[in-house]
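Note that the structure is a prediction, hence the values are computed from the model and not measured.
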Amino acid sequence: MLEFLQGFSYGLFLSCLPWFVIGLVSPRHALGTLRPERLQVFIRYWFVVPFLAGLLWLTSLWGGFGPSLGGWLAGLAAIAVEIPLERRLRGWWERHKQKRLDAQRQREIARRQAEQARQARERGEESLDPEHPPADADDVILALCSAKARLLSARQPALAQQADRVYGRYRKVIAVLLERFEVGELAFERARSLAAEVCFAAVDNLTAMAAQASGVAGVDSDHVRRRLSREGDRLTHTERLALERRLALVEDTHRHLRELSARNETALTALDNAAVAMARVDTRRPQASVSADQALGDLQNFVARAERYGRGP
């Protein structure tokens with residue numbers, strides 16, 4: 001064994017020079033690292049590998065001097081075998097680290113989304129995912145998902161947030177109704193149907209907004225304004241008139257969108273009023289058999305009579 005190690009150290013030391021030359025020409029052929037550099041070639045084949053070879057040689061001298069041919073050949077081939085193994089090991093380790101980072105990133109994203117959803121529920125502004133509606137979605141929620149998807153397709157994310165706001169108000173109204181009434185009661189069904197009608201009216205407005213916004217989605221109003229301001233004198237009368245009409249069309253569409261958005265704000269206010277009004281309705285059976293004022297007076301009278309019993313004759 002010591003003879004093999006002694007021959008291995010000789011072969012390893014002799015292989016440093018050719019691998020060093022190969023590394024100077026092409027570092028990726030002489031290194032197993034994922035990002036090879038010539039500085040790494042100097043460090044490895046001038047210091048690290050010669051030091052290991054010298055350490056093995058000193059260790060093998062305990063058995064005397066007698067290097068074996070097999071060890072010498074193994075030393076010559078050691079680096080050629082080590083480089084691809086090191087490259088595979090480093091690649092596996094990088095993929096393992098990347099998987100861990102991706103999993104950690106996904107957990108962090110899920111945590112942030114859960115926190116945002118919790119905060120949105122507290123504010124009454126839950127968010128809808130048009131591609132994945134809630135499991136308990138009814139016709140109103142499905143209609144809101146469809147309207148939000150159309151607004152997102154028309155590149156109107158700000159307007160699409162109104163669908164989230166309507167959804168949050170609708171869920172809040174339904175939650176209040178479930179607290180105050182029993183499912184199947186006439187008052188519950190009537191209030192829910194009215195809230196649904198208000199939401200459907202908002203859905204109609206959102207759908208109209210998506211249709212109008214998609215009509216001018218390809219018009220760059222900023223580019224039109226820049227051309228009118230910079231090239232106003234160089235434009236022909238026909239071209240200038242066309243640009244002005246295009247800009248007027250965009251501005252008119254935005255005005256209609258603001259009007260429809262204002263109507264939805266009215267619907268949101270109606271839903272808020274409904275939630276507050278339903279929350280004030282007390283449908284619970286009172287636990288006390290008398291009023292609070294009467295109970296307080298009776299208790300004070302009892303305390304006054306109890307003091308007489310304690311005085312004695």
Side-chain angles (χ1 to χ4, degrees), residues 110-154 156-211 257-295:
R111 186 190 65 79
R112 291 180 180 177
Q113 290 178 348
E115 181 66 19
Q116 291 175 357
R118 184 187 65 80
Q119 294 177 358
R121 286 194 297 270
E122 291 178 354
R123 297 192 304 265
E125 297 178 359
E126 300 184 67
S127 179
L128 278 173
D129 186 356
E131 297 182 358
H132 302 89
D136 57 345
D138 55 10
D139 294 339
V140 173
I141 299 176
L142 293 177
L144 288 171
C145 288
S146 177
K148 183 177 180 180
R150 293 180 181 180
L151 286 169
L152 292 176
S153 299
Q156 295 292 331
L159 297 178
Q161 292 179 357
Q162 278 200 343
D164 297 332
R165 297 173 62 193
V166 175
Y167 168 66
R169 300 309 199 281
Y170 176 71
R171 291 292 295 266
K172 184 176 180 180
V173 170
I174 297 301
V176 172
L177 291 177
L178 290 174
E179 290 179 358
R180 297 304 182 210
F181 303 100
E182 294 292 335
V183 177
E185 288 187 30
L186 182 60
F188 176 84
E189 296 297 335
R190 178 60 175 167
R192 185 174 65 174
S193 64
L194 292 175
E197 288 299 326
V198 173
C199 292
F200 280 129
V203 168
D204 293 338
N205 293 332
L206 292 172
T207 304
M209 293 162 68
L257 292 177
R258 289 192 296 269
E259 292 177 356
L260 292 172
S261 179
R263 295 181 187 176
N264 283 342
E265 292 295 336
T266 304
L268 291 171
T269 303
L271 292 173
D272 287 336
N273 292 336
V276 173
M278 291 298 103
R280 291 175 180 174
V281 175
D282 191 1
T283 59
R284 297 172 300 173
R285 179 176 297 177
Q287 300 294 323
S289 58
V290 296
S291 64
D293 294 337
Q294 182 179 351

Closest non-hydrogen contact found for Ala137 with Pro133 is CB-CB, 4.4 Å
Query raised in the report: Short question: side chain of Ser146, backbone of Leu142 - any donor-acceptor pair under 3.5 Å?
Result: no
Using a 6.0 Å cut-off, check whether atom CG of Asp139 has over 12 heavy atoms from anything other than its own residue.
no
Assess whether a salt bridge exists between Glu265 and Arg165, defined as any Lys/Arg side-chain N lying under 4.0 Å from an Asp/Glu carboxylate O. yes
To the nearest 0.5 Å, atom CD of Gln162 lies from atom CG of Asn205 at 8.5 Å
| task | Check for a donor-acceptor pair, side chain of Ser193 on one end and backbone N or O of Glu189 on the other, with a separation under 3.5 Å. | result | yes
Closest non-hydrogen atoms of Val140 and Cys199, given as atom of the first, atom of the second and distance, are CG1-CB, 3.5 Å
d(Glu131 CD, Cys145 SG) to nearest 0.5 Å is 10.5 Å
Shortest non-hydrogen pair, Phe200 vs Ala143, comes out as CE2-CB, 4.1 Å
* Asked: Backbone N or O of Ala275 within a donor-acceptor pair of the Asp272 side chain at under 3.5 Å?
  -> no
dist Leu151:CG -> Leu206:CG (nearest 0.5 Å) comes out at 5.5 Å
CG (Asn273) and CG (Leu268) are apart, to the nearest 0.5 Å, by 11.0 Å
Between Ile141 and Asp138, the two heavy atoms sitting closest are N-OD1, 3.1 Å
For Tyr170 and Leu271, the nearest pair of non-hydrogen atoms, with its separation, is N-CD1, 4.4 Å
In short, Leu177 meets Arg192 closest at the heavy-atom pair CD1-N, 3.8 Å
dist Leu152:CG -> Gln161:CD (nearest 0.5 Å) comes out at 9.5 Å
